[in-house]
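Below is one structure, written out as structure tokens; the observations come after it.
Everything numeric in this text was worked out from a predicted model, so none of it was measured.
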Amino acid sequence: MTTDLSPATTSGPAPKPPGRSPRALWHLGVNAIVFAWLGLFAAVATAHHFLPHASWLLVHTLLLGAVTNAVVIWSGHFAASVLRLPEANRGTPAALRLVCLNLGAVGVIGGMFFERWYAVLAGGCLVAAAVTAHAVWLVRLLRRALPGRFSMTVRYYVAASALLPVGAALGVLMARGALPGDLSDRLLIAHEMINLLGWVGLTVAGTLITLWPTMLRTRVADGAERAGRAALPLLLAGLAAAVAAALLAPPPFAAAGVVAYAAGLVVAGRPWLREARAKAPRSFAAWSVAAGCGWLAGSLTALAGILLTTTSWPTVSERVSLLTAPLAAGWIAQVLLGALSFLVPVVLGGGPAAVRAATAGLERAWPARLAVTNAALLLCVLPVPSLVRVVCSVLLLAMLLCFLVLLILTVVRGIRRRRGTEPAPAEVPAAPRHRMLGGVALGLAVVVLAVAGGGAADVRSLPVVGGSAATSADGGREVTPTGRTTKVDVTIRGMRFSPASVDVPAGDRLVIRLHNTGTDTHDLVLETGARTDRIGPGKRDTLDVGVVGRDLSGWCSVVGHRQMGMVFAVRVTGAEKPSGTAADHDGAAHDPTTGTGKPSSPAADPDGTAHDHTTGTGASAAKAFDPMAEPPEGFTARDAQLPPATGTLHKRTFTVKETKAEVAPGVRQTLWTFDGTAPGPVLRGKVGDTFEITLVNDGSIGHSVDFHAGALAPDRPMRTIQPGESLTYRFTATRSGVWMYHCSTMPMSLHIANGMFGAVVIDPPNLPTVDREYLLVQSEFYLGPQNGTADADKVNAKRHDMVAFNGYANQYDHDPLTAKTGERVRIWVLAAGPNVSSAFHVVGGQFDTVFREGAYDLRPQGAEHGGAQVLDLAPASGGFVELTFPEAGTYPFVTHAMTDAERGAHGVFRVR
């Protein structure tokens, strides 16, 4: 069996350099679309930290853009080839289908990016129409052609094309939002199964029946046709069962469908294994496709396991997100790049020597590239430190860019050769086996170095290789090792070690086996410097302390956890106690149950800074705070103007970022933020609006988000997520007010004090329009070291150093808010705390309207003709006041807790 995949050869010399055939021109043109989408995918991957819906964009630029175009283009080519109608896949109808498809893809992606659902709807309809037209064309092609041995390949393409419109409809429905219960999670799983296993999976399976042996340069195995015919019904039945269960039944029922689908792949794939045994893969194309199929097998196994062991569809949705990278990058992207590396040289043509030269150009250093790709991807899906995962992601992006560069160079050289401007290629010898093995070793070495570099940069996340052996008591008294080992099991429950102390005979070697049963990341650090890795929920680690000769203190080093009571003690028995208190060596008594007392030297605190900070110079930034200091010239305050509410569905991505920021002139802190600002982004809507917020944790510790504007069980949407994870929080605003949102990870007070808070404004019905509208969020600062995080001890003791509106002390003194005489001004105020109340007051102004915590306290039409001087707010409460300024001038505004006003909660209105 042969298909139209190889260049034709002619006898006799050509009278002139051959020109480009219409078929080659067509394929170069349409495959440029695939290249453009791959380039866009690389650009999104490079800039994903700065883009909303970054994960969604990455998946859809690859799958909806590059892969869907490739499927339509190459399924048309293979269908025409196996049906012996090679000219059928070109022309105006095919071009119109591709135009419609790409306009739809742009509409869907643009609509999601700019949060315009009607654009998503229009784009989804165009995509569905283009693929439906493609399916109709394939059916007509089948009817025109004579019966062929491998015509069932086209039936795979027809089935795949019939499924994509269904998947597109589910995607558009999800984008609309406001779905009840767990319906959005069910639709998401069904959408992913249809598009990945149906649209892409069936196309790949049908293509490999003939493409795989062609890549291997061998004959199609006997029985391949029968296996393909038998597998298609099994694949469709398994997929239908899995999708039906996703929409109508509990998760374990869907596992049966996934298993049936996998069985269909086994049936179809048995001839492929025989072909590979007959002639082993020796090219990038074959090995890339083989590696992709391996990732598919692993992903299907994991998916079946998730479905079997989970009873909740929201939990399935959360866990299945872990398979995005294996399926998209491991399976689909590798199959796509492998197929292109084989097919593009064939399209370029020019004779066997030219095809081999073009293939060699695309396969330059392929063993190393393939090893880097798969090793880096494997590390990305394993529980490795976040910086290691980032480095591996960069390696994956570099491998894609390398392929794109090689593709450009190969196409350019091929065109020049066909035009006669570049000499004919020399014969390319096959790479010997030892070179392939050397390339694999080189690729693995690159990944190992990357892991080492990432681990070195994220040293807190690295495991401890050896502990410090405490072999002497105070005063230098030596302890004689007993040769025995004491092993203890310590469990983390919430914010406590259990047990909180252990007894160890003097001279014994101590081994602590730590199990984290909490919901956050923790570690155990001893004053000797010995420490465990930071371990996530459900994880374990072992700390070899060494020979113990004196009492030791320990704690969790995650910021604020020690102050929350996460302390530990090792008590030595059978040894003479030194004078004074043994637990601490600075003469201060240490109570392991309360965390009082502090280590006396840098050796006792591995961070080398006071108050358990992760960064900073050690000197408190409070010494640099001067309420009378002037900011630098050209200073611009945070815009306090509140834009009006628009739309009914509000979709945002909040990315947790650790940001160094100036919070007063000369005072810098490392803040934990939502989207890089503290307070975080302002949301505004009306009663009945739906908010869908995707939280992405790009920080170094666990974080979460709690929206007071939504009323729902906190178990799932408010859970803590670890670095590199994301979750989607969806709620409907049912009541008006200015609502706080904040990180609810413990210690909550520290996370709020260090910048993780913001405001959601929900307008009351029939809210009158005003001339100007401002939002002021009051919060206090517990200043740690310069460039460090908040001082957890000060937060615990409620000793704040500074108070500010909108995150910067006295900023509106230097860049005032503005108004005109006679204008009606509405000022929304939120007291974010975490501990300090607000008594908002405008000096020289009187409020004729006061709206506090969802109700009007005062309105202008009241019979009392009353006014108000203060909007008093407890922490986490909010409201608004309205007033008009009677004459031009400067009107200060403050919190009337005057000490706090003098600490930075001060600004002015400049009225003209």
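One distance of note links SG of C293 with CG of L265; it measures 8.5 Å at 0.5 Å rounding. Here the CD1-CG distance, from I332 to L62, works out to 7.0 Å after rounding to the nearest 0.5 Å. Separating the CZ atom in F78 from the CG atom in L208 is a distance of 9.0 Å, to the nearest 0.5 Å. Summarising the geometry, atom CE belonging to M174 is positioned 10.0 Å from atom CG belonging to D185; distances are rounded to the nearest 0.5 Å. Rounding to the nearest 0.5 angstrom, the gap separating the CG atom in L449 from the CG atom in L444 is 11.0 Å. Separation of atoms OG1 (T373) and CH2 (W295) is listed at 10.5 Å; rounding is to 0.5 Å.
When side chains are defined from C-beta on, L83 counts as touching S151, because their heavy atoms get closer than 4.5 Å. Two residues are said to be in side-chain contact when any heavy atoms from C-beta on lie closer than 4.5 Å; L211 and L343 meet this criterion. Using a 4.5 Å heavy-atom cutoff, the side chains of F674 and L695 are in contact. With contacts defined as side-chain heavy-atom distances shorter than 4.5 Å, the pair L197/Y261 qualifies. Taking the side chain as every heavy atom from C-beta outward, L170 and I194 approach each other to under 4.5 Å. You'll find the side chain of L101 reaches within 4.5 Å of the side chain of V72, heavy atoms only. F41 has its side chain out of reach of L57: every pair of non-hydrogen atoms, C-beta onward, lies at least 4.5 Å apart. In this structure, F35 and L407 have side chains that are in contact, with non-hydrogen atoms separated by less than 4.5 Å.
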Open item on the list: Using side-chain contact (heavy atoms from CB on, under 4.5 Å), reason through L348 and V355 one step at a time and then give a plain yes or no.
Closed with: CA-CA 7 Å; L348 288 172; V355 170; over 6 Å; no
- [ ] Check the pair V411, V344 against side-chain contact (heavy atoms from CB on, under 4.5 Å), reporting the backbone distance first and the verdict last.
- [x] CA-CA 8 Å; V411 170; V344 167; 4.2 Å; yes
Open item on the list: As a quick check of understanding, evaluate side-chain contact (heavy atoms from CB on, under 4.5 Å) for V59 and T324, giving each step before the final call.
Closed with: CA-CA 8 Å; V59 170; T324 300; 3.6 Å; yes
Task: side-chain contact (heavy atoms from CB on, under 4.5 Å) between L396 and C380, intermediate numbers included - done: CA-CA 10 Å; L396 290 171; C380 282; 4.2 Å; yes
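Note that R369 lies outside the cation-pi zone of F403, set by a 6.0 Å cut-off to the ring centre and a 45° limit from the axis.
Side-chain contact, Y157 with T207: a donor N or O sits under 3.5 Å from an acceptor N or O. Side-chain contact of S184 with R730: a donor-acceptor pair under 3.5 Å is present, judged by distance alone.
The backbone N or O of V696 sits nowhere less than 3.5 Å from a side-chain atom of T655 that would complete a donor-acceptor pair. Although no hydrogens or angles enter the test, the distance criterion places a donor-acceptor pair under 3.5 Å between the side chain of R116 and the main chain of F114. For the pair W117 (side chain) and V172 (backbone), a donor-acceptor distance under 3.5 Å is present. Under the 3.5 Å distance criterion, the side-chain polar atoms of S341 are matched with a main-chain donor or acceptor of G338. Q334 contributes no side-chain N or O that, together with a main-chain N or O of V289, makes up a donor-acceptor pair within less than 3.5 Å.
The minimum heavy-atom distance between G264 and A231, with the atom names listed, is O-CB, 3.3 Å. Across L303 and V320, no two heavy atoms sit closer than the pair CD1-CG2, 3.8 Å. Closest of all the heavy-atom pairs between K657 and D675 is CD-C, 4.2 Å. Of all heavy-atom pairs spanning A42 and L400, the tightest one is CB-CD2, 4.1 Å. Across every non-hydrogen atom of A205 and W272, the tightest pair is O-CZ2, 3.6 Å. The shortest heavy-atom contact between V131 and S161 is CG1-O, 3.4 Å.
Ring geometry for H191 versus H60: interplanar angle under 30°, hence parallel rather than tilted (30 to 60°).
Shown are I109, T61, T694; of these, the side chain to side chain contact (heavy atoms under 4.5 Å, CB included) with W56 is made only by I109.
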